[in-house]
Amino acid sequence: MAIWRRERVLCQPPLSPTDGSPAETTLLAETILAGLNPEQRDAVTTTEGPLLVLAGAGSGKTRVLTQRIAYLIGVCGIAPDGILAVTFTNKAAGEMRERVEKLLGAGAAAVWLATFHSVCMRILRRDIGHLGYSRGFAIYDEADSLGVVRQAVARHRLDPKIVDARRLRWRIDQWKNAGDDPAAAARSAVDTEAQQAAEVYATYQRLLADASALDFGDLLLMTVELFDRFPEVLAHYRRRWQYVLVDEYQDTNRVQYRLVQQLASEHRNLCVVGDPDQSIYAWRGADLHNILDFERDHPGAVVVKLERNYRSTQPILAGASGVVANNMARRRKDLFTEREGGEAIRGFEAEDDRDEAQRVVREIQATVRDDGRAYGDCAIFYRTNAQSRIFEEELLKYDVPYVVVGGVRFYDRAEVKDALAYLRLAQNPADGAALRRIVNKPARGIGKTSLERAEALAEQHGTSLLEGLRRYGESEEGARAAPRIRAFVRMQSELAGQLAGTAPARAIALVLDASGYLAALEREGSVEAESRIENLRELIAAAEDFHRANAGFPDERGEFELFLDQVALVSDVDSYDRRDDHVSLMTVHSAKGLEYPIVYLVGMEEGVFPHSAALRDAVGVEEERRLCYVGMTRAMERLTITSAAERLRFGSRSYGVPSRFLAEIPPAVVERVEGRGRARPVPASRGPHYDYSYAQAEPIGAAAIVRGVRVRHPHFGAGVVISVAGAGASQKLKVQFDRAGVKTLVLKFANLELG
DNA sequence: TCTGTAGGCGTTTTT
DNA sequence: CGCCTACAGA
């Protein structure tokens, strides 16, 4: 929650941390650059023009970004509000802000340091009027958005049993990530199904507009559109942000790329930091080309490589590098560490998932007891959220403190969403998703039929759902439910009046009381209802926290509107607090950017990790491999990798084969352990620079592929190359497969082996 | 309109 | 296995 505090952009006079005298500036420069290696210094001091920082895992990336911001302000004298730094998570933004403030004091608060989504939201809150939208727009989360897709499907009279709304939503999301509006989607449609999807997309957008709502993708897309269509608006932001920094650039999608281009193409002071090997969000539309083609897109770009790893011991880094070296679509990188020696990576195969969890938990206990480690030093990473349960059970059984990071967000709990929906509806009466959510919570006799009629009326008159409901309540046919509907509508408008200008905590309390929501829960009296009430108390506490953080910073927008904005864009990982002593459980995706002395990477079986859904093509497998790399490189001192011979999936037993990634770890740095025991140390006597590529089949280079060569494809099997076109990794080949026939493949993605 | 239950379905990863 | 949805009965 502390995040909110930092999220505020304060209007303050530009900070001047020095008196401007050369001596003092030099002193400050020295402080900022102290302890940086030469490459890191380059990355910090190359302030003008495009700069690509290729930062390997654990190479001090965050440090470079923060020192760079400090350098721009403290040494170059740039006003803090002239700097825009974009990250992917609020957590990363918060961490960075903390560190900049440590260097420069509170004045650094004026730096725009936020996530893409939050930056866009603020821009749109100010300027979306140009696009004909209300500035009071609602932000729809995934569940709200899914509801709208279902509505759109219904409008097209499509059979919901045949058309999968979830898949459609995903598809629309992909379009948005690629920057395609419904018209573009329709143009690109190759079959009737795609055509139909594009039509639903169009309806979906119309319904969103009717509800005056934006989904996550819209936040980005509409900002880009705004800048495209209104150059004078863009000019304002360009003038404002003379320096643009982007973190985790390898995870940007096409729309984010365009946004960055728009903001930076004039002054060209663009610094992007990333690591292609840690790109793990292609499924969400991230486009590796953004980082791979940076030099081509930005002529004269300076490239700095950070290859010294400060985090992990040599065996861990060697193991992780060995795995990722198997990817073909990859820029070569030679990470090295000075933490020579250290324990070998340990691996064991458990009998089943229960045994796996038990052994991990017992080991953690033993480590804490015998080695003087803290629970907080230990983390368990898994591929899918569903895997957390069995570990939780075992941790509970042995009384080990733990925290699950991610999973169900606090703000995704039903009761919390209900309470917030009342606020949303008060703020934006057009918000149909919010209305649907609470119209009959607590039960007040306004059911499905009433809502259907209301929707029909709304459509017919071109009004909001709430207005449709009001009409229905006053019409004659609504006789049965009419009094109840009228009471609801009256309550809603009274609430809207009362809530304007009210502090969020009070607003929530008011709503819970006036709606009878709290009373209904209290009446229920079950343990579950108790815990719901407890969560609502926590929500009010969070709102109070927000109020305190914002005290003294008046904004033209109501405070609870700002509160809703924050809530819409925080994830669970953001509020995750590491201070308490507990074992951390999370997906490998959530683990990105974190580090732990002791890491357990569990469930390393084919179909689990790599996940079966990713096995369709080589591109999917490569992303899984990068994910594995991310997981392994989180470990500082001890890494244990486990698999289970059989596990319960979907309630039935399935048998697992150890993950292919295990075989890709150089054997010299792994040790299989049976039972508990310390891993043998790996001697540090391998020379100053360990050769991470040894024991590693080099990926097939373009040179190896000529006509007539026999190759093996992971999916199509063995075959022979019959023609080669183009050059480099992007060259295309025709391969005659022994069984699958002739296929045209792109070398870099085809994952071919010789032979 | 509400409540209970049976059946179907699904799990990748998330701002 | 557990969640969510659809449907039947009151």
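Proteins come first, then strands; the chains are lettered A, B, ... in the order of their sequence lines, and each starts at number 1.
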Respond yes when some side-chain nitrogen or oxygen of Asn253(A) is under 4.0 Å from OP1 or OP2 of dT15(B), and no when none is.
no

Rounded to whole angstroms, how far apart are CZ on Phe88(A) and C1' on dT13(B)?
15 Å

Using a 4.0 Å heavy-atom cut-off across all strands, classify Phe216(A) as base, sugar-phosphate, or nothing.
base

For Gln278(A) and Lys61(A), test the side chains for any donor-to-acceptor distance below 3.5 angstrom and give the result as yes or no.
no

Is it the case that over 12 heavy atoms from other parts of the model lie below 6.0 angstrom from the CD atom of Glu351(A)?
no

Name the closest nucleotide to the Ala443(A) side chain, picking from dT14(B), dT15(B), dC2(B).
dC2(B)

For Arg167(A) and dC9(B), give me the distance from atom CZ to atom C1', rounded to whole Å.
15 Å

Hey, is the main chain of Ala92(A) close enough, under 3.5 Å, to the side chain of Thr87(A) for a donor-acceptor pair?
no

Can you tell me how far P of dT13(B) sits from CD of Glu142(A), to the nearest Å?
11 Å

If you find the nucleotide of DNA chain B closest to Gln256(A) and the one closest to His611(A), which residue's nucleotide is nearer the 5' end?
His611(A)

Nearest whole Å is fine: how far is dT13(B) P from Tyr281(A) OH?
11 Å

Look at Ser590(A) and dT13(B) and indicate whether a side-chain polar atom (N or O) is within less than 4.0 Å of OP1 or OP2.
no

Under 3.5 Å, is there a donor-acceptor pair linking the side chains of Asn385(A) and Thr587(A)?
no

Indicate, with a heavy-atom threshold strictly under 4.0 Å, whether Ser450(A) touches base, sugar-phosphate, or nothing.
sugar-phosphate

Quick one: label Arg389(A) by what it contacts on the DNA or RNA (base, sugar-phosphate, nothing), any heavy atom closer than 4.0 Å.
sugar-phosphate

So Phe391(A) and Tyr382(A), would you call those rings parallel, tilted or perpendicular, with 30° and 60° as cut-offs?
parallel

Regarding Arg166(A), tell me which of base, sugar-phosphate or nothing describes its non-hydrogen contacts under 4.0 Å with the strands shown.
sugar-phosphate

Electrostatic pair Glu356(A):Arg647(A) at N-O distance under 4.0 angstrom
yes

Tyr257(A) atom OH is separated from dT15(B) atom P, nearest whole Å, by 25 Å

Hey, which of these two, Gly447(A) or Glu624(A), hits DNA chain B nearer its 5' end, going by closest nucleotide?
Gly447(A)

Taking CG from Leu214(A) and P from dT15(B), how many angstroms apart are they, rounded to a whole number?
18 Å

Looking at Asn440(A), does any N or O in its side chain come under 4.0 Å of the phosphate oxygens OP1/OP2 on dC2(B)?
yes

Compare side-chain N and O positions of Asn90(A) against OP1 and OP2 of dT15(B) and report whether any pair is under 4.0 Å apart.
no

Nearest to the Arg150(A) side chain among dT14(B), dT15(B), dT5(C), which nucleotide is it?
dT5(C)

Going by centres under 5.5 angstrom and planes under 30 degrees, do the aromatic ring of Phe116(A) and the base ring of dT15(B) stack?
no

From CD1 of Ile139(A) across to P of dT14(B) the rounded distance in Å is 20 Å

CG of Leu259(A) versus P of dT15(B): gap in Å, rounded?
19 Å

